[in-house]
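Numbered from 1 within each chain, the chains take letters A, B, ... in sequence-line order. Heavy atoms only: backbone and side chains are in, while hydrogens, waters and symmetry mates are out.
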Amino acid sequence: MNTNVRVRFAPSPTGYLHIGGLRTALYNFLFARHNNGKFILRIEDTDQSRYVENAENDIIESLEWCGIKIDEGPHAPGDYGPYRQSERKDIYRKYAELLIEKEMAYYAFDTTEELDQMRERLQKSGNPSPKYDSITRQSMKNSLTLPNDDVQKLLDSGTEFVIRLKVPRRETIRFEDLIRGHVSFESKGLDDQVLLKSDGMPTYHLANVVDDHLMNISHVIRGEEWLPSTPKHILLYNAFGWDVPQMAHLPLIMSPAGGKLSKRNAETDGIPINTKDYRELHYEPEALINFLAYLGWSPGDDSEIHSVDELCRLFTLDRVSKGGAVFNHKKLLWYNDHYLREQSNHHLAARVKAIAGEGKMKDADTDFMASVIGLVKERVSKLDEITEMAAFFFEDPDHYDEDAIKKWKDDSPKLVSHYRERIEELPEEQFEAATLKHILEEVIKEQGVGFGKLMMPLRIAVTGQGFGPDLFTSMELIGKTSVISRIDSAIKKIG
RNA sequence: GCCGCGUUCGUCUAGGGGUCUAGGACGCCGCCCUUUCACGGCGGUAGCACGGGUUCGAAUCCCGUACGCGGUACCA
């Protein structure tokens with residue numbers, strides 16, 4: 001096994017950490033851990049026009065929330081920094097110029113307008129995707145067509161320029177993708193990619209190759225959207241005379257509506273798109289991670305539940321699938337309720353209190369809250385649902401559920417009143433589930449009715465709902481005084 | 001349009017020539033449990049995109065077709 005595995009997650013800070021990006025990070029992390037390697041975070045902030053202030057922090061916090069630990073990155077010093085590309089600007093320029101020396105790249109002075117004109121002209125003559133390539137570059141303004149003196153003059157006068165990769169005219173570029181196997185591209189389909197922009201910043205293509213080499217990256221594991229630009233990267237590695245890292249292109253995460261999971265088509269399906277949204281909506285990070293791990297990968301057995309540590313042990317790239325995977329929100333919820341139930345009542349009690357709004361729930365006794373949670377936790381799939389489901393333990397019902405109220409019949413007030421009389425006689429310390437149940441049994445016997453005839457109206461009176469946890473245990477928890485006053489107001493309000 | 005990558009139940013997947021009348025999970029449906037709603041247990045529904053090869057034998061290998069997705073920027 002390779003002992004020098006170094007992989008990187010290289011997001012651009014143009015927004016919050018996308019759920020697809022999170023999975024890419026996760027696979028990189030799992031791969032690194034599985035192979036005793038390093039997981040590196042590199043911030044690809046070379047597009048200054050798209051920079052978003054808080055993005056970098058969000059990326060780091062989101063990864064941390066998920067239990068993905070960064071070995072090297074902007075806030076985790078290592079031997080290969082800096083880990084922000086904007087801070088490496090000079091490096092790229094040096095390497096771009098090296099390429100010019102090697103005649104693998106050239107200066108180009110074309111303005112945006114000239115580029116547009118070229119594309120328009122070519123499009124008119126029937127070329128649907130005009131490229132700046134080995135043919136068109138001959139009629140453009142660059143150091144290949146201009147006399148050396150003119151080039152020097154332009155450079156000296158501070159004229160804006162870019163550096164472009166000189167893509168060979170006819171060459172087949174092949175590489176072995178760890179997930180897809182043999183992949184090949186013809187160079188004639190590639191354009192002379194800009195490597196260094198006119199603002200002096202590198203494009204992704206240059207920066208990524210230079211950094212992966214300088215940072216000693218062994219495996220490039222990234223989304224499939226990068227597959228078509230990989231031949232350009234191979235060309236660059238070859239031009240520099242560097243070894244090409246192992247490549248692995250991950251299948252995309254798709255929206256149920258089809259297409260790459262994006263803000264527009266995912267949120268209409270109720271799928272949060274940013275990792276931060278999952279945190280704010282109180283999803284369990286373990287569930288998200290477990291779910292995401294299985295979106296495009298499986299260990300090959302029938303298992304479904306694994307902790308991050310187990311995933312590290314199990315994860316291998318050869319078990320990553322090739323086809324895109326549709327995000328299945330229901331399954332995420334299934335994972336979520338699994339991880340929720342795994343937690344102790346007391347632990348959950350503290351968490352619920354922390355997220356509860358101002359009110360009795362926030363100030364509740366933790367032991368009491370834990371008992372309540374024991375009753376409701378198997379009925380919810382997300383933490384915040386507990387606050388809704390458990391509300392009646394803390395507050396008297398302020399309204400009665402419409403569907404439930406249909407079970408409140410003409411004889412309900414009478415039956416409920418009988419029960420009320422009986423439990424009122426109970427001393428506080430005997431206000432217990434078993435006793436409460438026993439009394440109900442006696443009442444229905446005396447009245448000659450079935451269980452449900454009293455049960456449902458009682459439930460509605462006490463909880464306001466037609467469903468919920470065991471009523472007797474619930475009443476015990478709510479307490480005698482409150483239960484009786486709830487019965488009284490139900491009889492008054494519903495009739 | 002061109003280039004590339006894909007295609008097993010609705011969804012995520014197992015499967016790498018015979019053990020596949022294709023296995024698991026989510027979902028859905030039914031039954032059981034039950035004071036309700038859940039949990040749980042049991043059972044069920046549903047799939048190898050299509051057409052050609054190769055082979056004694058193909059979900060598995062090859063070639064087409066269709067469909068899907070991605071790319072086609074001085075964005076990543």
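The separation of B:G40 from B:A76, taken at their C1' atoms, amounts to 48 Å, rounded to a whole angstrom. As rounded to the nearest Å, B:A58 and B:A14 have P atoms that lie 23 Å from one another. Rounded to the nearest Å, the gap between the C1' atom of B:C42 and that of B:G53 is 46 Å. A gap of 25 Å separates the P atoms of B:C9 and B:G71, to the nearest Å. Taking atom C1' on both nucleotides, B:G23 is separated from B:G4 by 33 Å, rounded to a whole Å. Taking atom P on both nucleotides, B:C62 is separated from B:U55 by 16 Å, rounded to a whole Å. Annotation: B:G10 and B:G47 have their C1' atoms spaced 10 Å apart (nearest Å). Nucleotides B:C50 and B:U11 are separated by 15 Å at their P atoms, to the nearest Å.
Across all strands shown, B:C33 remains unpaired; no Watson-Crick or G-U wobble contact has both distances below 3.5 Å. Across all strands shown, the partner of B:C69 is B:G4, judged by Watson-Crick or G-U wobble contacts whose two distances both fall under 3.5 Å. The pairing partner recorded for B:U11 is B:A25, the criterion being a Watson-Crick or G-U wobble arrangement whose two distances lie under 3.5 angstrom. Summarising the base pairing, B:C39 is matched to no nucleotide, lacking a Watson-Crick or G-U wobble pair whose two defining distances lie under 3.5 Å. Base pairing analysis places B:C75 opposite nothing; no Watson-Crick or G-U wobble pair with both distances below 3.5 Å involves it. Nucleotide B:C50: paired with B:G64 (Watson-Crick or G-U wobble, both distances less than 3.5 Å).
For the pair A:Arg319 and B:G15, the criterion of a side-chain N or O lying under 4.0 Å from OP1 or OP2 is met.
Residues A:Pro457 and A:Ser412 share a closest heavy-atom pair of CG-OG, 3.4 Å. Residues A:Pro168 and A:Leu235 approach most closely at CD-CD2, 4.0 Å, considering heavy atoms. The minimum heavy-atom distance linking A:Leu165 with A:Tyr106 is given by the pair O-CE2, 4.0 Å. A pairwise comparison of heavy atoms in A:Met118 and A:Thr136 identifies SD-CG2, 4.5 Å as the closest pair.
Using a 4.0 Å heavy-atom criterion, one finds that A:Val183 contacts the sugar-phosphate atoms exclusively. A:Gly223 comes within 4.0 angstrom of no nucleic acid atom, judged by non-hydrogen atoms across all strands. Here A:Ser303 lies out of heavy-atom contact (under 4.0 Å) with every strand. As judged by a 4.0 angstrom heavy-atom cut-off over every strand, A:Pro251 is placed among residues making no nucleic acid contact. Using a 4.0 Å heavy-atom distance criterion, A:Gly300 is classed as a sugar-phosphate-only contact.
You won't find any donor-acceptor pair under 3.5 Å spanning the side chain of A:Arg180 and the base of B:C5, going by distance alone.
Counting heavy atoms from C-beta on, the side chains of A:Tyr419 and A:Leu458 come closer than 4.5 Å.
When each of A:Ser298 and A:Phe327 is assigned the nucleotide of RNA chain B with its nearest heavy atom, A:Phe327 is the one assigned upstream, toward the 5' end.
Note: CG (A:Asn127) to C1' (B:G1) measures 9 Å, nearest angstrom. Distance, A:Glu378 CD to B:U34 P: 16 Å, rounded to whole Å. A straight line from NZ of A:Lys322 to C1' of B:A14 spans 14 Å, rounded to a whole angstrom. For the pair A:Asn290 CG and B:C26 P, the interatomic distance rounds to 13 Å; values are reported in whole Å. As a whole-Å value, the separation of A:Ile173 CD1 from B:C3 P is 15 Å. Atom pair A:Lys330:NZ and B:G27:P shows a separation of 8 Å (rounding to whole Å applied). Atom CD in A:Glu186 sits about 10 Å away from atom P in B:C3, given to the nearest Å. The distance between atom CG of A:Leu288 and atom P of B:C12, rounded to the nearest whole Å, is 18 Å.
Nearest to the side chain of A:Lys331, among B:G4, B:G40, B:C12, sits B:C12. Checked against B:G23, B:C3, B:G10, the side chain of A:Asp302 finds its nearest nucleotide in B:G23.
Defined by atom type and a distance below 3.5 Å, a donor-acceptor pair is missing between the side-chain atoms of A:Tyr83 and A:Asp211.
The aromatic rings of A:Phe327 and A:Tyr278 are tilted relative to each other, their planes meeting at an angle between 30° and 60°. Using cut-offs of 30° and 60° for the angle between ring planes, the A:Phe315 and A:Phe31 rings count as perpendicular.
Side-chain atoms of A:Asp301 come within 3.5 Å of backbone N or O of A:Ser303 as a donor-acceptor pair.
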Between protein and nucleotides 63-76 of chain B, map the contacts as a letter string: B base, S sugar-phosphate only, - none, heavy atoms under 4.0 Å, written 5' to 3'. ------SBS--BBB
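With a glycosidic angle no further than 90° from 0, B:C39 counts as syn.
A:Lys445 and A:Glu441 are not joined by a salt bridge, as no carboxylate oxygen comes within less than 4.0 angstrom of a charged side-chain nitrogen.
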